[in-house]
Amino acid sequence: MLRFVMEPCACPAALFLLLSAAVLLGATAFEVEIKDDKNATCIYAKLSVNITVQYETNTSSSKNVTFPVPSKVTTNGSSCGSDSEAPILVTHFGNSHSWSLNFTKNESTYSGSALIFTYNTNDTTLFPDALRKGLLSSPATFLGPVPLNSTYKCISSEVVVGKNVTQIIYDVKLEAFVPNGTLGKEVTCDADKPYPSPSPTQPSTTASTTTPAPTSKPLDNPTTGNYTVSDVNGTCLLASMGLQINTSLLSEGENIWTPFNIDPWVIKSNGTCTNQTGTLILTENSTIIEFTFALKNKNHFYLEGVNVTLINGSAFSYRQNQNLSDWEASVGSSYMCHKEQQIKVSEDLFISAFDVRVQPFGVHNGTFDTAEECFADSDLSFLIPIAVGALLVFLIILVLVSYLIGRRKSRTGYQSV
């Protein structure tokens with residue numbers, strides 16, 4: 001089975017990105033049919049699924065493992081349903097992993113009621129150092145209302161987020177409650193429908209520079225979002241920030257930089273907390289941003305890494321930087337910075353963060369502790385004229401001393417003659 005473990009490493013960035021691309025392109029579609037007692041198809045499904053699981057290691061750190069659902073699966077436990085039981089699609093693969101989707105319907109539509117991915121951390125191929133062993137399940141939701149007697153088709157990717165699990169689902173062709181074993185007409189998802197062409201007079205919102213200017217703001221500042229991560233003890237990570245991404249990855253080789261703001265109202269947040277690391281994952285249908293915080297000498301925390309996944313239809317772009325040392329503050333305090341903070345994720349992707357306040361360790365009662373402000377927020381403008389004045393005084397004194405020394409040498413020379 002193809003797999004890739006994402007963790008901080010000393011490997012070259014190009015190799016890391018090449019391996020990431022191999023994972024994203026390595027997923028293959030599985031195709032299954034569930035039939036009733038008359039051998040008529042009641043559920044048909046063909047789709048590709050990439051799964052990323054975040055788990056805690058036996059060294060109290062967190063690690064991500066990404067793998068596809070393979071093309072060969074079994075469907076034990078699947079059912080066409082009955083008057084008292086909803087139909088369910090269950091696929092099994094690997095070492096006791098399973099992917100299941102329940103269906104429900106009303107008079108005119110059907111939909112998915114629960115998507116449950118169950119993974120086995122005893123699988124040492126995928127989870128060689130997992131702290132918690134056994135079967136773990138992550139519920140989520142997938143498949144909105146689809147007209148009855150029709151087949152849902154969606155080539156574009158959809159990001160589905162559950163507890164510690166993120167799924168990218170694409171190339172979907174699916175129908176439940178199939179009448180008489182015959183698939184209905186295809187219904188295309190909104191993401192696959194063409195967008196209307198912009199008006200010739202419509203202004204462009206893309207930046208034309210080959211590299212983003214550190215202080216340029218082609219868009220208004222993004223809306224500030226408030227995010228939390230919780231564990232069994234309650235809230236363990238707090239974050240508040242506005243995020244803007246500037247990238248050339250969306251220009252299809254034209255090297256045009258495109259800025260866009262992250263809308264906190266449509267973002268889903270999750271993550272993990274351990275004794276050594278804290279992770280915040282922000283997800284919406286086309287963007288996944290993962291912040292990783294770590295401890296420095298047990299007394300300070302800092303932003304160690306950022307991963308960004310951009311999804312454009314069925315295409316993926318993955319960028320990461322695990323060698324950061326930003327947003328540092330004392331444990332038991334929060335980091336705060338109102339000024340724009342620019343993070344270089346890669347040569348073709350930058351993140352600008354505004355009004356940042358984070359606390360990934362030592363959260364009490366679900367509220368921020370005392371803030372340690374960044375240097376950029378310090379009002380040191382009054383020092384500039386003082387420094388200029390001091391420099392001028394120093395230069396004047398230097399010139400005067402040089403003049404006096406020169407005159408003294410000149411007089412000494414005349415006396416010698």
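This one's a predicted model, so the numbers in the text were calculated from it and none came from an experiment.
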Full working for side chain to side chain donor-acceptor pair (under 3.5 Å) between T52 and T166
CA-CA 5 Å; T52 296; T166 300; over 6 Å; no
Derivation of the side chain to side chain donor-acceptor pair (under 3.5 Å) call for T75 and T91:
CA-CA 5 Å; T75 58; T91 62; over 6 Å; no
Verdict with supporting geometry, S240 and R357, side chain to side chain donor-acceptor pair (under 3.5 Å):
CA-CA 5 Å; S240 177; R357 190 170 185 181; over 6 Å; no
Check step by step if side chain to side chain donor-acceptor pair (under 3.5 Å) holds for T151 and E175.
CA-CA 5 Å; T151 303; E175 183 174 351; 2.6 Å; yes
Begin from the C-alpha positions of E328 and L303 and carry the test side-chain contact (heavy atoms from CB on, under 4.5 Å) through to its verdict.
CA-CA 7 Å; E328 182 175 342; L303 178 64; over 6 Å; no
I would like to know whether Y335 and H300 meet side-chain contact (heavy atoms from CB on, under 4.5 Å); could you show each step before the answer?
CA-CA 10 Å; Y335 170 87; H300 291 79; over 6 Å; no
What verdict does the side-chain contact (heavy atoms from CB on, under 4.5 Å) test give for N164 and Y55, after you've listed the backbone C-alpha separation in whole Å, the side-chain angles of each residue and the deciding distance to 0.1 Å?
CA-CA 7 Å; N164 298 330; Y55 67 97; over 6 Å; no
Can you check side-chain contact (heavy atoms from CB on, under 4.5 Å) on F293 and Y302, steps first, answer last?
CA-CA 6 Å; F293 299 89; Y302 68 101; over 6 Å; no
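Within a 6.0 Å sphere centred on NZ of K296, heavy atoms belonging to other residues, nucleotides or ligands number more than 12. The number of heavy-atom neighbours closer than 6.0 Å to CG of N180, taken from other residues, nucleotides and ligands shown, is 12 or below.
In this structure, the separation between OG on S248 and CZ on F350 is 9.5 Å, given to the nearest 0.5 Å. Here T370 contributes atom OG1 and M336 contributes atom CE; the two are 10.0 Å apart, rounded to the nearest 0.5 Å. With values rounded to the nearest 0.5 angstrom, F30 atom CZ is found 8.5 Å from S48 atom OG. The distance from atom CZ of F291 to atom CG of D326, rounded to the nearest 0.5 Å, is 11.0 Å. The line from OG1 of T104 to CZ of F177 is 6.0 Å long, rounded to the nearest 0.5 Å. Atom OG1 of residue T224 and atom NE2 of residue H338 lie 10.0 Å apart, to the nearest 0.5 angstrom.
Of the N and O atoms on the side chains of Q167 and N50, not one donor lies less than 3.5 Å from an acceptor on the other residue. Residues T59 and T57 have side chains that bring a donor and an acceptor to within less than 3.5 angstrom of each other. Side-chain contact of H97 with D123: a donor-acceptor pair under 3.5 Å is present, judged by distance alone. Using modelled atom types, one finds no donor on one side chain facing an acceptor on the other under 3.5 Å when comparing N270 with Q54. Side chains of E304 and T292: no donor on one and acceptor on the other come within 3.5 Å. A donor-acceptor contact closer than 3.5 angstrom is absent between the side chains of D369 and S333. Judged by distance alone, the side chains of S61 and Q276 never bring a donor and an acceptor atom under 3.5 Å apart. Defined by atom type and a distance below 3.5 Å, a donor-acceptor pair is present between the side-chain atoms of D348 and S346. When only modelled atom types and interatomic distance are considered, E372 and S330 share a side-chain donor-acceptor pair under 3.5 Å. Side chains of Q244 and N221: no donor on one and acceptor on the other come within 3.5 Å.
Without hydrogens or angle criteria, N321 side chain to K344 main chain gives a donor-acceptor distance under 3.5 Å. A donor-acceptor distance shorter than 3.5 angstrom exists from the side chain of T121 to the backbone of G134, with no hydrogens or angles considered. For N261 (side chain) and D220 (main-chain N/O), a donor-acceptor pair under 3.5 Å exists by modelled atom type. Within the 3.5 Å criterion, the main-chain N or O of T274 finds no donor-acceptor partner in the side chain of T277. Between the side chain of H92 and the backbone N or O of V73 there is no donor-acceptor pair closer than 3.5 Å. Remark: the backbone N or O of N106 is not paired with any side-chain donor or acceptor of T109 at under 3.5 angstrom.
Side-chain contact between P68 and I51: absent, with no pair of heavy atoms (C-beta onward) separated by less than 4.5 Å. Using a 4.5 Å cut-off on side-chain heavy atoms (C-beta onward), V308 and I351 make contact. By the 4.5 Å heavy-atom criterion applied to side chains, L282 and I262 are not counted as neighbours. A 4.5 Å side-chain heavy-atom check between V229 and T272 finds every atom pair outside the cut-off. Contact of the I43 side chain with the V178 side chain is not registered, since no non-hydrogen atoms from C-beta on lie closer than 4.5 Å. Looking at heavy atoms from C-beta onward, V331 lies out of side-chain contact with N299 at the 4.5 angstrom threshold. Side-chain contact between N307 and R319 is absent, with no heavy-atom pair separated by less than 4.5 Å. The closest side-chain heavy-atom distance from L310 to L249 is below 4.5 Å.
The minimum heavy-atom distance linking I155 with D192 is given by the pair N-OD2, 2.6 Å. Considering all non-hydrogen atoms of both residues, P128 and K133 come closest at O-NZ, 4.4 Å. Nearest heavy atom pair, residue S150 against residue Y110, reads O-OH, 2.8 Å. Closest approach of T223 to W265, counting heavy atoms only: CG2-NE1, 4.3 Å. The minimum heavy-atom distance linking L143 with S111 is given by the pair O-CB, 3.5 Å. Closest non-hydrogen pair, G77 versus V90, comes out as O-CG2, 3.8 Å.
In this pair, F117 and F67 present their aromatic rings tilted. The plane angle is within the 30 to 60° band.
The pair E31-K173 does not meet the salt-bridge criterion, since no charged nitrogen lies less than 4.0 angstrom from a carboxylate oxygen.
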